[in-house]
Amino acid sequence: MWQKIREGLNLRIGLTDLVDSSLKEHRVPSDTNIFYTIGIVTLVAYFIMAVTGYFLLMYYVPHTDHAFSSVQNIMTNISFGWLIRMIHIVASNLMVALVFIHLISIFFMGNYKKPREITWLAGGLLLLVTLLFCLSGYLLPWSQRSYWATTIVTNIPTAFPVVGEYLANVLKGGEAISGVTLTRFFSLHVGFLPPVFMAIVGLHIFLVWRIGLSVPPFSKSAEEEKPWTEYSHTTYAESYPFYPHFFMKEVSMVMLLFAIIFFIISFFPTMFIPEAANTPADPFKTPADIKPEWYFLAPYQMMKLIPNKFFGISIQVIAIFTFLFWPFFDTGDEKNIIKRPALMGAFIILLSVWFALTFWGRYS
Amino acid sequence: MRYFCFMIIVVILSITVPVSAGYRELFEKEFLSKPWSSEILEESACVECHTSEAMPVELRSIPQEWQLSWHYQNDVSCHDCHGGDSTDATMSMSHKRGFTGTPKYTEVPEQCGKCHIGILEHYIESGHGKALKETGDGPNCVTCHGAHNIQQVSIDIINAQRCSKCHSYDRAKMMKQALFLTDEKIEKIDEDLKQLRSKGVYPEKEEKRLFDTQAKFRTLFHSIDVARVKSETDFYTEQLDSIEADVQKTYDQLAFRRKFSTFLMLIFAGSWIVASYISKSYKD
Ligand code: HEM
């Protein structure tokens, strides 16, 4: 049976040849580490979001009168609706964490350097799109928490003089979060962002494929690397085929991702849905202790601390641009961060400031 | 090129930062204090003036007391009890705008009864209500609940100190005993529902049923008729039992969910181990 299907496909589209030429002959350096699989795991996390999101969409009603109750309906009445929604919630948080890990590991290994600048740029845009996904999706359950956390985040643009107010109002579709904001965020979340994400991720992965995975700067073969003067697929001193060697590594990491998702759902089901997420939104009642999600805590806390808000937001905008175009600033040949103490120091300080601000924001 | 961009940014910043400095207060007002770091009080002229220096000191703490109350949480404000116009500071205490002033001792039940209708009915027919009307020495609502710092009730309102002011505590005690079991059940279900909420469930239907049942039952006390409370207890026990069964079902459902997702977790953890073992077994 299998044999027959395979032969049939071989006859028509040359399956074996395709697999051989595009998967088996595609080489991966054999001294890659575990962080090289995170990109694929992130991609799988995105597909988990897409599939579960699609099912949620069947029952969700984007209207202020029904949003909350339709979500509760999914949680209580629709069979296995709870599972779908829990996976969507948990995977979204894990996806953000994964993007951060992916980014940090790539930065740490200097893999954004020539010829991978565009890959980095596309990746940076993916991070922003991911955060936009979170921001817009967060409002949809129309709970106390989603309402007020969104109020906080959408107020950040007001830090710009003159245009700030206008920007914030465009985002919200009015002076305050309302039904208009809900429909705006809803169409953003399910209509606009997914194709944008797919397009950028397509470019990102095409570039990785075309250029070839980089070699970690700490490995032996890295020392033999010649400067990049003209295009050719990256060559490696030691390598193995993408399929099945590297592929199986990725499969195992994806299984780990699923195991972690279900671990959280089983044992910490309320990790990402505290009580305020179980209370319908009430624009007239500010809950006592409302905070943005953990990945927005650091910028939020920073905005609270810096006395001049315009200065605060400028730092953030400059930081985003520096981050996006970093490979074009940092053009030296040295990839190994251990041999660059200044960069290493700045990197560690930045990370610790981020963590410190997050904890400060969380417990203040 | 790089340095050029950098210089431009520095220049822009160094010009705009001082320029926008005055923007700061405006922004702080909008960004930090308004919608989330403090509660938005519905601006009420009553509250504003009654907390100000214009007030005699002994009355100045009333708005504070009220802000701690359950009424405050349910948006029952000064003008809902005292009448008047909370939007217009100069005319707010005018009788033309419906201001009724401080109710007399005997008028309090009518004032509260505007909203707590069932309770007022029971109260009027009760020994307490009759005593208030006839001789003026029955307890009114404020005697037992207070006027401004009104909290959610519990059976502990019936205590030796409060109820032995006018008669022996024995009567009160019999009443308390008659209420006790049902009241305890209400508290337990209430506690369970709170638990469910913290577990990520929104038990709206059950909460509403419990609220209705408890409101009806707690109204009953105001008749201060022990025999009546006893005879109606069975009805309420039945109602509460049915709510409790539904709550239990939700708990069972939660237990099932945990088991189910633990099962999935184990499957994937197993696959992880197998897959990573296979991936290590490949030789180049
Ligand atoms: C939604 C988010 C993202 C997805 C799905 C994704 C996916 C991937 C995949 C599948 C790979 C190849 C395997 C690997 O190295 O892990 C990769 C490589 C890479 N990614 Fe991402 N990525 C994302 C976000 C980012 C971000 C935020 C950055 C940095 C700003 C980034 C920068 C890079 C770079 C420079 C490479 C090349 C690494 C190399 O050749 O060794 N990516 N990405």
Side-chain angles (χ1 to χ4, degrees), chain A residues 30 68-69 72 75-76 82-83 86 148 151-152 155-156 158-159 161 164-165 176 238-240 244-249 251-259 261-263 265-267 269-270 273-275 277-280 284-288 290 303-304 307-311 314 318 328-329, chain B residues 1-2 5-6 9 12-13 16-17 19-21 23-24 27-28 30-32 34-40 42 73 75 194 196-204 250 253-254 257-284:
Chain A
S30 44
F68 185 80
S69 56
Q72 294 308 321
M75 282 301 271
T76 46
W82 62 272
L83 187 64
M86 289 305 288
W148 291 101
T151 305
I152 296 180
N155 263 321
I156 289 182
T158 60
E165 200 73 17
E238 283 167 35
S239 66
Y240 50 57
H245 295 60
F246 194 62
F247 180 75
M248 215 54 202
K249 258 193 192 178
V251 168
S252 85
M253 290 301 283
V254 168
M255 293 301 145
L256 181 59
L257 171 70
F258 275 105
I261 291 177
F262 290 119
F263 174 76
I265 296 179
S266 313
F267 299 108
T270 56
I273 35 176
E275 233 189 298
N278 287 316
T279 316
F284 297 108
K285 222 175 262 167
T286 320
I290 205 80
M303 290 298 286
K304 279 209 319 199
N308 186 311
K309 294 305 154 193
F310 177 63
F311 187 57
S314 309
I318 291 173
F328 301 99
F329 294 117
Chain B
M1 180 64 185
R2 260 180 284 158
C5 292
F6 183 69
I9 290 172
I12 292 178
L13 259 189
T16 45
V17 165
V19 168
S20 66
Y23 184 73
R24 177 179 159 188
F27 177 77
E28 298 230 301
E30 293 293 314
F31 178 75
L32 287 181
K34 213 168 146 203
W36 57 82
S37 51
S38 68
E39 288 166 87
I40 18 169
E42 219 184 299
Q73 301 222 352
D75 298 327
K194 282 209 186 89
L196 276 184
R197 254 177 191 260
S198 71
K199 283 179 197 249
V201 180
Y202 179 59
E204 190 188 15
T250 313
Q253 170 69 11
L254 283 184
R257 289 179 186 184
R258 168 175 294 207
K259 274 186 215 137
F260 188 80
S261 82
T262 310
F263 167 72
L264 291 178
M265 179 190 88
L266 291 175
I267 289 186
F268 281 107
S271 319
W272 168 48
I273 293 170
V274 171
S276 64
Y277 182 77
I278 294 177
S279 79
K280 292 219 172 71
S281 72
Y282 291 127
K283 298 269 154 23
D284 295 333

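What's counted below: heavy atoms across the whole structure, side chains too, no hydrogens, waters or symmetry copies. Residue numbering restarts at 1 for every chain, and letters A, B, ... go by the order of the sequence lines.
With no hydrogens or angles considered, a side-chain donor-acceptor pair links B/Ser261 and A/Ser266 at under 3.5 Å.
By the salt bridge (charged side-chain N to carboxylate O under 4.0 Å, His left out) test, B/Arg257 is found to be paired with no residue, residues two or more places apart in sequence or in another chain being considered. Residues satisfying the ring pair (Phe, Tyr, Trp, His ring centres under 6.0 Å) criterion with B/Tyr277, sequence neighbours excluded, are absent altogether.
Atoms NZ and CD1, from A/Lys249 and B/Ile278 in turn, are 15.0 Å apart once rounded to the nearest 0.5 Å. A/Phe267 contributes atom CZ, which lies 6.0 Å from atom CZ of B/Arg258 (distance to the nearest 0.5 angstrom). A distance of 11.0 Å separates CD of B/Glu204 from OG1 of A/Thr279, quoted to the nearest 0.5 Å.
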side-chain contact (heavy atoms from CB on, under 4.5 Å), that's the test. Do A/Leu83 and B/Leu264 meet it? Break it down for me.
CA-CA 11 Å; A/Leu83 187 64; B/Leu264 291 178; 4.1 Å; yes
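No part of A/Phe247 comes within reach of chain B, as not one of its non-hydrogen atoms sits under 4.5 angstrom from that chain. With a threshold of 4.5 angstrom between heavy atoms, A/Pro274 does not approach chain B through any atom at all. With a 4.5 Å cut-off on non-hydrogen atoms, A/Thr270 touches chain B through its side chain but not through its backbone. The part of B/Phe260 that comes within reach of chain A is its side chain, from C-beta onward, which places non-hydrogen atoms under 4.5 angstrom from that chain. For a residue to count as touching a neighbouring chain, one of its non-hydrogen atoms must lie under 4.5 Å from one of that chain's; by this rule B/Gln253 touches chain A with the side chain only.
In terms of heavy-atom proximity, A/Met248 sits nearest to B/Ser279 at CB-CB, 3.6 Å. Nearest heavy-atom pair across A/Ser252 and B/Trp272 is O-CD1, 3.0 Å.
Taking the six-membered ring wherever Trp is involved, the centroid distance between the rings of A/Phe262 and B/Phe268 falls below 6.0 Å.
In terms of heavy-atom pairs under 4.5 Å with chain B, the best-connected choice from A/Leu256, A/Thr76, A/Leu257 is A/Leu256. For chain B, the option among A/Ala176, A/Pro280, A/Ser69, A/Pro244 with the highest count of heavy-atom pairs below 4.5 Å is A/Pro244. Ranked by heavy-atom pairs shorter than 4.5 Å toward chain A, the options B/Ala275, B/Ser281, B/Gly270, B/Pro203 are led by B/Ala275.
Without hydrogens or angle criteria, A/Asn278 side chain to B/Arg197 main chain gives a donor-acceptor distance under 3.5 Å.
Surrounding CH2 of A/Trp82 are more than 12 heavy atoms belonging to other residues, nucleotides or ligands, all under 6.0 Å away.
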